[in-house]
Amino acid sequence: MRVVNIGSLNIDYVYEMPHFVQPGETLSSRSLRVNCGGKGLNQSIAAAKAGLEVYHAGCIGEEGVFLKEKLAAAGVRTDCIRQVADKTGHAIIQVDPSGQNNIILYSGANHALTEEDVDRVLARFDRGDMVLLQNETSCVDYIVRRAWELGMRTALNAAPSGENLQQVPLEKLEWLLVNEVEGAYLAGTTDPREILRRLGARCPDTTIVLTLGGDGSMAARGGETAQVPAMRVHAVDTTAAGDTFTGYFLRRAAEGGSLEDCLRLATAASALAVTRPGAADSIPAYDEVQAFLQA
Ligand code: RIB
């Protein structure tokens, strides 16, 4: 099974801050790093490091060619990435001393993706291949519909949440991954069990995965449920923790692992990721994750 991730590619400008900037405040950062990122790019790298055969599709501007090179270096196939006239998507990320972040996104070329691009990309794949997507590109609802019509297995990481998600036929997904914010937005409640119950009722054939940061993660599929606590680590930067989780969860899910197995592998991978700075650069290799799980 091949995985095609029709996803975002961003240049991340990461500012290390003494605290998050407050309204009306001007504050100097302690450092600036320019990294490869984007939920799409990060998830492609995570899935490839986890052992899946990954193809990334999406759009970049001319200054984003190094993002393509980063993907290729991680073993991701990049010939479905189109260079466009727009500026490459970027993110302005503040990281505070506890490792928490907040992010301003500029979509740029990520929103140059067209339905024609999607059709051209999907034509290269087969029934039973996996389509992975996030909510940082255009055409999210179209991708889900077309993938379903083509008999492909579709995983949506519904991050970041936004009004367009109301148009997405979530019941056509095989996997829906949300954090507590996206889950609350889609389910209309902040109670984790109720989020799983409501999304499960709306999407009876979908595996629903809910990540809860320091409170671990939960998943439900039909009558089966699983819950795994977070692993205690010293966090320096939580950026791409959710992306790492998604890539590793799908690796185990693709080989038919139980919900608990999928959550355990993904939890270990994302715990390692938060101990390192950066987005794509923080994603661990499969062997490291296995060793960490067995330690
Ligand atoms: O999930 C982390 C990512 O979110 C960052 O790499 C940034 O680009 C934003 O898309």
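Values reported hereafter were calculated over all heavy atoms of this structure, with side chains retained and with hydrogens, waters and symmetry mates removed. Small disclaimer: the values here were computed from a predicted structure and weren't measured. First listed ligand is number 1; within each ligand, the first listed atom is number 1.
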* To do: Examine the side chains of Q43 and D243 and answer whether a donor and an acceptor come within less than 3.5 Å of each other.
  => yes

* Sub-4.0 Å heavy-atom approach of S8 to ligand 1 -> no

* **Under 4.0 Å to a heavy atom of I103 - the qualifying atoms of ligand 1, by number** => 4 (O)

* Any salt bridge between E53 and R2, counting N to O under 4.0 Å? -> no

* Asked: Should you measure from each heavy atom of L105, which atoms of ligand 1 turn up under 4.0 Å away?
  -> 9 (C), 10 (O)

* **NZ/NE/NH1/NH2 to OD/OE distance under 4.0 Å, R146 and D119** => yes

* Asked: Of all the non-hydrogen atoms in the protein, which one sits nearest to atom 1 (O) of ligand 1, and at what distance?
  -> D243 OD2, 2.7 Å

* Minimum heavy-atom separation for S8 to E136, with atom names? -> OG-OE1, 2.6 Å

* Answer yes or no: does an N/O atom from T239 fall short of 3.5 Å to an N/O atom of ligand 1? => no

* Contacting atoms of ligand 1, where contact means under 4.0 angstrom from a heavy atom of N42 -> 2 (C), 3 (C), 5 (C), 6 (O)

* Asked: A91 heavy atoms, cut-off 4.0 Å: which ligand 1 atoms fall inside?
  -> 7 (C), 8 (O)

* Pull out every atom of ligand 1 sitting under 4.0 Å from any heavy atom of E136, numbered as shown with elements. => 4 (O), 9 (C), 10 (O)

* Structure fact -> atom 6 (O) of ligand 1 sits nearest the protein heavy atom D12 OD2, 2.6 Å

* Distance under 6.0 Å and angle within 45° of the ring axis: does R33 meet both against Y13? -> no

* To do: Number the atoms of ligand 1 from 1 as they appear, then name those within less than 4.0 Å of a heavy atom of G37, with their elements.
  => 6 (O), 8 (O)

* Asked: Do you know the tightest heavy-atom contact between G37 and N42?
  -> CA-OD1, 3.5 Å

* To do: Return yes if a side-chain donor-acceptor contact under 3.5 Å exists between Q134 and N157, otherwise no.
  => no

* Any side-chain donor near an acceptor of the partner, D191 and T189, under 3.5 Å -> no

* Starting from atom 4 (O) of ligand 1, which protein heavy atom do you reach first, and at what distance in Å? -> K39 NZ, 3.1 Å

* To do: Could you list the atoms of ligand 1 found under 4.0 angstrom from a heavy atom of A279?
  => 6 (O)

* To do: May I ask you to check whether I93 has an N/O atom sitting below 3.5 Å from an N/O atom of ligand 1?
  => no

* Asked: Going by an N to O cut-off under 4.0 Å, is there a salt bridge joining D261 and R264?
  -> no

